[in-house]
Amino acid sequence: MTIDNRIDLVPEPDELVFRDHIRTPMYDDPALFDAEMERIFKKTWVWVAHESEIPDKGSFKLSQVGRDPVIVVRDRKGKIHVMINRCRHRAATVCEVKQGKTASFQCPYHGWGYALDGSLRALPYPEQYGDDFDKAQHGLLKLRTESYAGMIFATFDEQAEPLLDFLGPVTHWIDLFMKQGAGYPVKVLGEHQFSVPMNWKIQLENTTDAYHFPVVHKSFLQSLDDETEAVFSFLDQGKGYVEDLGNGHSVMVMIPELVDLEDNLDAPIPERFQTLAQELRDAGHDEPQVRRIVRAVGGAGFNLNLFPNVSFSLAFFRVLTPVSVDRTDIRHIAIGMDGGPDAANRARMRLHEHFQGPMGFGSPDDAEVWERIQRGVQGGAELPILINRGLDDEQPGEAGPRGHISAETGMRAAYDMWKRMMQS
């Protein structure tokens, strides 16, 4: 089959993904994008929210599963539901508030009312629908929903494997990442949202790509003190690695000494955190607590990438939502300590703002490169997009192939899963 960009043609996965490269239609074929929405985003577990965003009965949060708008809500019994944000009558959304608390949802068009569990409770003038109209058959469409460590996932596929099986060895890394709570539950502090004219897979690759860091984020590195800059010079140190964790997931360990935030707490507190440490001591925290909290504030030393839409990146969540073949919405979600010291959460927000916040260094630097990739693939469509870095010296890891910190092992892991799902 000839590879081209005609809308009515979906190239075969074997013609697009190879061990050492992918082909241009992966980024710019509209028909392929439509197929991905059906074969991937409607067939696997997609991250939708963190439980701290819906803490009480009646709390809700709008989210997306691929192109489908959903409501994530906690019902009166505390159970979490993920439902399509579409009235069963004439398709209007039943909620347009991004986040809040409610007793029910009501369509603004004809007044159909839905309970927190999605069931249809009331509708005006029901007699006109006839005696055989069954309200129980007209509730909001619900997705299968499961959680791990406060992370809520949903899927359209009732036959999908259990979430824990899908995550596999990822759960170990999630547990390590959540130690950023320093003994407190992790909670969402806020988020930064923006859109980029790029294909979603360009971002999927980015959080498993350490190779770009000293080039794209040079201005960020120049803004750091010498001690912190040395910590982020992980390519020069050569101690990190990237490992395939199965099912398209991967982990990129950049700062090995910060993988487990509870290890070696007797190490000297970095100069940049000395003021925070003293503030915590003055607030009555003992020295072990101070060291645990300060260590957690700085974030974990790795990026954990979950196929297809979320990454746990150092100290925040990055979520992608595919909108079209050449547009992707990004959410950078800051996290902190639920019930933890205000000083610690303020420090985490300042660090987030420095790199990934709307006025930080990381977001605009990354977005510029993502956009340039999407523009670049408009020329030389016959040229391969290389994902071969580190292929020759990969070694077996604990869960799968493991490569150098700058290797494209994580990209190959994601594209292996992409091919598997697109062929099913």
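- Considering every non-hydrogen atom in both Arg295 and Ala267, the closest pair reads NH2-CB, 4.1 Å.
- A donor-acceptor pair under 3.5 Å is absent between the side-chain atoms of Arg402 and the main chain of Tyr241, judged by distance alone.
- More than 12 heavy atoms of other residues, nucleotides or ligands shown are found within 6.0 angstrom of CG on Asn264.
- Neither side chain, Thr155 nor Asp157, offers a donor N or O lying under 3.5 Å from an acceptor on the other.
- A donor-acceptor distance shorter than 3.5 angstrom exists from the side chain of Thr328 to the backbone of Met198, with no hydrogens or angles considered.
- Expressed to the nearest 0.5 Å, how far CD of Gln99 lies from CG of Leu62 amounts to 9.0 Å.
- Arg291 has its side chain within reach of Ile269: a pair of non-hydrogen atoms, C-beta onward, lies under 4.5 Å apart.
- Under a cut-off of 6.0 angstrom, the local environment of CD in Glu398 is sparse, with at most 12 non-hydrogen atoms contributed by other residues, nucleotides or ligands.
- What you find for Leu245 and Leu304 is that their closest heavy atoms are CD1-CD1, 3.7 Å.
- Panel note: side chain Asp117, backbone Ser119; a donor-acceptor pair is recorded below 3.5 Å.
- Thr171 places a side-chain N or O within donor-acceptor distance of the main-chain N or O of Gly168, the cut-off being under 3.5 Å.
- Judged by distance alone, the side chain of Asn305 and the main-chain N or O of Val310 form no donor-acceptor pair under 3.5 Å.
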Arg19 and Asp416: CA distance, side-chain angles, deciding distance, salt bridge (charged side-chain N to carboxylate O under 4.0 Å, His left out) verdict
CA-CA 8 Å; Arg19 189 60 180 155; Asp416 284 347; 3.3 Å; yes
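- Looking only at side-chain heavy atoms (C-beta outward), Met26 and Val17 come within less than 4.5 Å of each other.
- With a 4.5 Å cut-off on side-chain heavy atoms, Pro13 and Trp418 count as touching.
- Between Asp329 atom CG and Leu320 atom CG the span is 9.5 Å, to the nearest 0.5 Å.
- Within the 4.5 Å cutoff, the side chain of Trp173 has heavy atoms near those of the Val253 side chain.
- In this structure the side chain of Leu164 never reaches within 4.5 angstrom of the side chain of Glu146, judged on heavy atoms.
- With Arg348 contributing its side chain and Met337 its backbone, the two residues share no donor-acceptor pair below 3.5 Å.
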Test side-chain contact (heavy atoms from CB on, under 4.5 Å) on Leu204 and Phe307; report intermediate values, then the result.
CA-CA 8 Å; Leu204 182 70; Phe307 186 90; 4.1 Å; yes
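- Across every non-hydrogen atom of Leu32 and Pro25, the tightest pair is CD2-O, 3.4 Å.
- By the neighbour-count criterion of 12 heavy atoms within 6.0 Å, atom NZ of Lys142 is densely surrounded, having more than that number from other residues, nucleotides or ligands.
- If you take CZ on Arg318 and OG1 on Thr207, they are separated by 6.0 Å, rounding to the nearest 0.5 Å.
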Yes or no on side-chain contact (heavy atoms from CB on, under 4.5 Å) for Ser250 and Met417, after CA distance, side-chain angles and deciding distance?
CA-CA 11 Å; Ser250 64; Met417 183 65 168; over 6 Å; no
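- Counting all heavy atoms, side chain and backbone alike, Cys95 lies closest to Asn85 at O-ND2, 2.8 Å.
- Among all heavy-atom pairs drawn from Thr208 and Gly410, the shortest one is OG1-CA, 3.3 Å.
- Between Phe166 and Phe153, the gap from one ring centroid to the other reaches at least 6.0 Å.
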List the atom pairs, donor and acceptor, that lie under 3.5 Å between side-chain atoms in residues 45-52 and the rest of the protein, sequence neighbours left out.
residue : atom : partner : partner atom : Å
Trp45   : NE1  : Glu161  : O            : 2.7
Trp47   : NE1  : Ala49   : O            : 3.3
His50   : ND1  : Ser52   : N            : 3.1
His50   : ND1  : Ser52   : OG           : 2.8
Glu51   : OE2  : Ser147  : OG           : 3.3
Ser52   : OG   : Val188  : N            : 2.9

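- A pairwise comparison of heavy atoms in Met178 and Ala149 identifies CE-O, 3.7 Å as the closest pair.
- With no hydrogens or angles considered, no side-chain donor-acceptor pair links Asp393 and His404 at under 3.5 Å.
- We find that Arg67 and Asp34 are joined by a salt bridge, their nearest charged nitrogen and carboxylate oxygen being less than 4.0 Å apart.
- A salt bridge is absent between Glu191 and Lys98: the closest approach of a Lys/Arg side-chain nitrogen to an acidic carboxylate oxygen does not fall below 4.0 angstrom.
- No more than 12 heavy atoms of other residues, nucleotides or ligands shown are found within 6.0 angstrom of OH on Tyr211.
- Considering CG of Asp68 and OG1 of Thr321, their distance stands at 11.5 Å, rounded to 0.5 Å.
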If you apply the rule side-chain contact (heavy atoms from CB on, under 4.5 Å), what do you find for Asp365 with Val369, and how did you get there?
CA-CA 7 Å; Asp365 286 345; Val369 174; over 6 Å; no
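- At least one donor-acceptor pair under 3.5 Å links the side chain of Arg74 to the backbone N or O of Ile54.
- No side-chain donor from either of Gln289 and Arg292 sits under 3.5 Å from a side-chain acceptor of the other.
- Looking at Val325 and Asp29, their side chains never come closer than 4.5 Å, going by heavy atoms from C-beta outward.
- Ring pair His21/Phe18 is parallel by interplanar angle, where below 30° counts as parallel and above 60° as perpendicular.
- Using the six-membered ring where Trp is involved, Trp370 and Phe194 have ring planes that are parallel, under 30° apart on the 30 and 60° scheme.
- Atom CG in Leu258 sits 10.0 Å away from atom CZ in Phe302 (nearest 0.5 Å).
- For CZ of Arg144, the number of neighbouring non-hydrogen atoms (other residues, nucleotides, ligands) closer than 6.0 Å is greater than 12.
- Residues Glu408 and Asp209 fail the side-chain proximity criterion, which asks for heavy atoms closer than 4.5 Å.
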Please evaluate residues Arg346 and Glu279 with respect to the criterion side-chain contact (heavy atoms from CB on, under 4.5 Å), reporting the C-alpha separation (whole Å), side-chain torsions for both, the decisive distance (0.1 Å), and the verdict.
CA-CA 12 Å; Arg346 283 197 305 270; Glu279 189 173 354; 3.0 Å; yes
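- Here CZ of Phe156 is found 9.0 Å from CD of Glu38. Values are rounded to the nearest 0.5 Å.
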Test salt bridge (charged side-chain N to carboxylate O under 4.0 Å, His left out) applied to Asp14 and Lys419, step by step
CA-CA 7 Å; Asp14 282 340; Lys419 181 187 284 192; 3.6 Å; yes
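- Within the structure, side chain to side chain donor-acceptor pair (under 3.5 Å) contacts touching residues 373-382 (residues at least two apart or in different chains) are Glu371-Arg375.
- Looking at heavy atoms from C-beta onward, Tyr114 lies out of side-chain contact with Ile71 at the 4.5 angstrom threshold.
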